[in-house]
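In what follows, a structure is listed as structure tokens, so that the remarks can point back to it.
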Amino acid sequence: MPARFSKRIRAAIERMACEYGPQGWWPIASEVQRFAPSNNPRRLEGYHPGEFDFPRTIAGRFEICCGAVLTQNTAWANVRHALEGLLVANALSAKRLLELPEEQLASVIRPAGYFNQKASYLRAVALWFQANDAMLVRSERSLFALETARPILLKVRGVGPETADAVLLYAYRLPTFVVDAYTMRVFGRLNVVDSQSSYEVVRSLLGDALRQRTLERTVEYYQEAHALIVEHAKRHHGRKSDATKDFLLD
DNA sequence: AGCCAGGCTACCG
DNA sequence: CGGTAGCATGGC
């Protein structure tokens, strides 16, 4: 019965892929330039289109975790400034971030907004990172690993479902689909979901529709699909809906 | 000058 | 359970 919308969902993603090309999420500014130079201008901001073997380092994974918290209800341009602040403050590792007094941490991430809340969240995430990163990298990636790690991550203060899924999908390449406000808007417009669908329902609906033959391919496809949805929504779906410009509805 | 941005917690009924 | 105020900066 959920297969009812699967075709529509997959067609929408495929169309976005053709229209927008490879996205290369999640951006990892501190890591990406070091590997494989390229002409792609987005690479300078940490995007790595067509390359799915990021992050490759513990620093890259921690940067994703921080970015996932900092971007909560915040434009990415502001997050970049905050991440750069962390880099300059030499606080882009769990240990060194935790050594920074919380008040100072807050002032460093000020451009990302909600800086007092987020300073507290970042500390909690850094503690989680110290306790879980090595294990997650070492253990075999599987549905079991995902279902084990996810509830633990969701208990961390400041980590809700979207932040957790972004960390698991992009930092640890575990096969979970990331649902955000854009996802709700885009697929709401396509009558695939409605405003009262819960996060979990939408996550499993899209996850089922977009699952691929292997775990590895599924992860890559989930990563790309989420980035494409954001790109599409930025172009066509303001908060004040304007379906007229949406080519998916043609 | 206002609206918006890659949400989450706490608290309400 | 679902609904909502509060959190805050920078860009357009």
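Sequence lines set the chain letters: A, B, ... in the order given, protein chains first and strands last, and positions in each chain run from 1.
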[X] [atom1] to [N] [atom2]: how many Å, rounded?
X	N	atom1	atom2	result
Leu70(A)	dG6(B)	CG	P	13 Å
Arg80(A)	dG6(B)	CZ	C1'	14 Å
Asn116(A)	dT9(C)	CG	C1'	12 Å
Gln72(A)	dA5(B)	CD	P	15 Å
Asn78(A)	dC7(C)	CG	P	18 Å
Tyr114(A)	dG7(B)	OH	C1'	8 Å
Met184(A)	dG3(C)	CE	P	11 Å
Leu154(A)	dG7(B)	CG	P	16 Å

### Task
Apply side-chain hydrogen bond (donor to acceptor under 3.5 Å, both in side chains) to Tyr199(A) and Asp180(A), showing your working.
CA-CA 9 Å; Tyr199(A) 184 96; Asp180(A) 57 16; over 6 Å; no
Could you work out the separation of [N] and [M] based on their [atom1] atoms and round it to a whole Å?
N	M	atom1	answer
dG13(B)	dG6(C)	P	15 Å
dG7(B)	dC1(C)	P	23 Å
dG6(B)	dG3(C)	P	24 Å
dA5(C)	dC3(B)	P	15 Å
dC8(B)	dG10(C)	P	23 Å

### Task
Give Glu162(A) one of three labels, base, sugar-phosphate or nothing, depending on what nucleic acid heavy atoms sit under 4.0 Å from its own.
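Counting heavy atoms under 4.0 Å across all strands, the contact made by Glu162(A) is with sugar-phosphate only.
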### Query
Distance only, no hydrogens: is a donor on one side chain within 3.5 Å (strictly under) of an acceptor on the other, for Thr163(A) and Gln72(A)?
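Yes, side-chain donor-acceptor contact under 3.5 Å.
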### Query
Any donor-acceptor pair under 3.5 Å between the side chain of Asp180(A) and the base of dG6(B)?
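Donor-acceptor pair under 3.5 Å: no.
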### Message
Looking at His48(A) and Trp26(A), would you say the former's side chain and the latter's main chain have a donor-acceptor pair under 3.5 Å?
### Response
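Checking the backbone N and O of Trp26(A) against the side chain of His48(A), a donor-acceptor pair under 3.5 Å is found.
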### side chain to side chain contact (heavy atoms under 4.5 Å, CB included) evaluation trace for Phe62(A) with Ile28(A)
CA-CA 10 Å; Phe62(A) 189 67; Ile28(A) 320 170; over 6 Å; no
### Query
Ring of Trp76(A) versus six-membered ring of dG6(B): centres under 5.5 Å and planes under 30°?
yes
### Query
If we require ring centres under 5.5 Å and near-parallel planes under 30°, does Trp25(A) stack on dG6(B)?
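Stacked: ring centres under 5.5 Å, planes under 30°.
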### Message
Given dG6(B), dG7(B), dA10(B), identify the nucleotide with an atom nearest to the side chain of Asn73(A).
### Response
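Looking only at heavy atoms from C-beta outward on Asn73(A), the closest nucleotide is dG7(B).
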### Message
Taking the nucleotide of DNA chain B with the nearest heavy atom to each, does Lys155(A) or Ala166(A) sit closer to the 5' end?
### Response
Ala166(A)
### Message
Heavy-atom nearest nucleotide on DNA chain B for Thr74(A) versus Tyr121(A): which residue maps closer to 5'?
### Response
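Whichever sits nearer the 5' end wins; that is Thr74(A).
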Considering just the side-chain nitrogens and oxygens of [X], establish if one lies under 4.0 Å of OP1 or OP2 belonging to [N].
X	N	result
Arg157(A)	dG7(B)	no
Thr71(A)	dA5(B)	no
Arg185(A)	dC4(B)	no

#### Entry: Pairing partner (Watson-Crick or G-U wobble, both distances under 3.5 angstrom) of dA1(B)
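Looking at the geometry, dA1(B) pairs with no nucleotide.
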### Query
After noting the C-alpha distance and the side-chain angles of Glu200(A) and Arg203(A), does the key distance pass the salt bridge (charged side-chain N to carboxylate O under 4.0 Å, His left out) rule?
CA-CA 5 Å; Glu200(A) 290 301 327; Arg203(A) 168 175 173 261; 3.1 Å; yes
### Task
Under the side-chain hydrogen bond (donor to acceptor under 3.5 Å, both in side chains) rule, what do His226(A) and Tyr182(A) come out as? Steps first, then yes or no, please.
CA-CA 9 Å; His226(A) 175 235; Tyr182(A) 289 150; over 6 Å; no
